[in-house]
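All remarks here apply to the structure that follows.
Each chain gets a letter, A, B and so on, in the order its sequence line appears, and its residues count up from 1. This is a predicted model, so every value here is computed, not measured.
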2 protein chains.
Amino acid sequence: MAIPLSTRPPAGSKRLDAAAWIAAALEALAAEGMAGVRVERLAASLGVTKGSFYWHFKDREALVAALLERWAAGRIAAIAEQTRDHGTPADARKALLALLDIYARTPNRKGLAVELAIRGLAPGHATAKRAVAHVDAARLAKVGALFAQLGKTTAEADARALLFYAFLFGQSLMGGGKRLAAAKRAAAKIVAD
Amino acid sequence: MAIPLSTRPPAGSKRLDAAAWIAAALEALAAEGMAGVRVERLAASLGVTKGSFYWHFKDREALVAALLERWAAGRIAAIAEQTRDHGTPADARKALLALLDIYARTPNRKGLAVELAIRGLAPGHATAKRAVAHVDAARLAKVGALFAQLGKTTAEADARALLFYAFLFGQSLMGGGKRLAAAKRAAAKIVAD
DNA sequence: ACCTGAACACCGTTCAAGT
DNA sequence: ACCTGAACACCGTTCAAGT
């Protein structure tokens, strides 16, 4: 059997690339917040010394920036995926209700923890602020398009998209799963008419 | 003139109490997030050595807990103040619109930064989670009472309160001041009947 | 009652040296 | 091309000693 040469190192190898550090950082972020993203801890969890970190990144802040970029790209891809195939108004309404379900039920504790940690960081962190702004713009555009598909004017679609999306976020900031009855009733108002 | 004895130390004194540390911690939290709340930095800014910190608090975590308690008490007092004097439906409507203005315009950058930092921390921090839950319960109760005053049923008042409050928070998570036109249009929907 | 000063552990960063 | 090992600065924590 031919063994491919000069490709990614085998699973057992200790040699790392930047992506491995970013993935480890995301895990730590989800588990302990940004304060948990520590070079020495990550190195230990990856089985290398902390000195090796500085081969891949200029400093801790560069890792955080890379993590933020990767997060934003992932969220933008996700909203595109979650809102495609809505040719008819019935499809658009179904897509909106599906989104409500995805975010309001917050089944994925990890994704929410990461999102809140990043948004909590944003007011005092320029790179985080930019990442959040990109994600918000993409989500508002996609959700606004769904409301437009339902026959709303542009202004009305924009207002509903903001209400829809801001509500979902506020909800998750307030503990997510709790208050489900009130949340469903509130959500119905936004999509209704 | 009689000089009061055994009262608070004069302004020039270096002797501190726990409240001085908490106030300094809140400043740091607003400016740099929870990562900025560092014992050594606070000590330097207060003009004492970091060793003295441990007279007032068991450890850094105890300072954070005290800060969270003080924040929650302040927010609960504020919402009570912002929603009193609404004997008539007209008063209640006025109070709701005033709240929208207070939160949607977010003129106080510092208060918002503190709130987001604390909420970003909450998913992985039991004490922060409790503080946030207390504040949310107080705000939902007060805002729900305003909607009830407008003649809504309990279920409807609860749903509107959640929508109202979650929207305001989501809004501030998304950059606050921007998108003002869509925000006003969205907010009008919530209070409208 | 409150603070200093010195000690120690942990973590970010640098860099010469290894493979 | 990627990692080790040692060094240094910064910060949390402890504690004996000072006032």
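When rounded to the nearest whole Å, the span between CG of B:D59 and C1' of D:dG12 equals 9 Å. In this entry the distance linking CZ of B:F53 with P of D:dT13 reads 7 Å, nearest Å. In this structure, A:E61 places its CD atom 9 Å from P of C:dT13, rounding to the nearest Å. Distance, B:L42 CG to D:dC10 C1': 15 Å, rounded to whole Å. The nearest whole Å value for the distance from the CG atom in B:D17 to the C1' atom in C:dC3 is 14 Å. Distance B:W21 CH2 to C:dC2 C1': 11 Å, rounded to the nearest Å. Atom CH2 of B:W55 and atom C1' of C:dC3 are 10 Å apart (whole Å).
Side-chain proximity of B:K50 to D:dC11, C:dC11, C:dT4: nearest is D:dC11. Comparing D:dT4, D:dC2, D:dG12 against the side chain of B:R60 picks out D:dG12 as the nearest. Listed nucleotides: D:dC11, C:dT4, D:dG12. Nearest to the side chain of B:R41: D:dC11. In this structure, the nucleotide among D:dC11, C:dC3, C:dG12 sitting nearest to the side chain of B:L16 is C:dC3. Listed candidates were C:dT19, C:dC11, D:dG12. Nearest to the side chain of A:E40 is C:dC11.
Annotation: side chain of A:F164 is in contact with side chain of A:L100 (closest heavy-atom distance under 4.5 Å). With a 4.5 Å cut-off on side-chain heavy atoms, A:F169 and A:R139 count as touching. Annotation: side chain of A:V64 is in contact with side chain of A:R60 (closest heavy-atom distance under 4.5 Å). Taking 4.5 Å as the limit, some side-chain heavy atom of A:Y165 sits within range of a side-chain heavy atom of A:D136.
Taking every heavy atom of both residues into account, A:A148 and A:A157 meet most closely at N-CB, 3.8 Å. The two residues A:A183 and A:Q171 have their closest heavy-atom pair at CB-NE2, 3.5 Å. In terms of heavy atoms, A:I190 sits closest to A:F147 at O-CE2, 3.9 Å.
Proximity of A:Y54 to the phosphate of C:dT14: no side-chain N or O atom is located under 4.0 Å from OP1 or OP2. For the pair A:H56 and D:dA1, the criterion of a side-chain N or O lying under 4.0 Å from OP1 or OP2 is not met. Within the structure, a side-chain polar atom (N or O) of A:R38 is placed less than 4.0 Å from OP1 or OP2 of C:dC11.
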### Message
As a check on the pairing definition, encode DNA chain D in dot-bracket form, counting Watson-Crick and G-U wobble pairs whose two distances are under 3.5 Å, and using | for partners outside this strand.
### Response
||.|||||...|||||.||
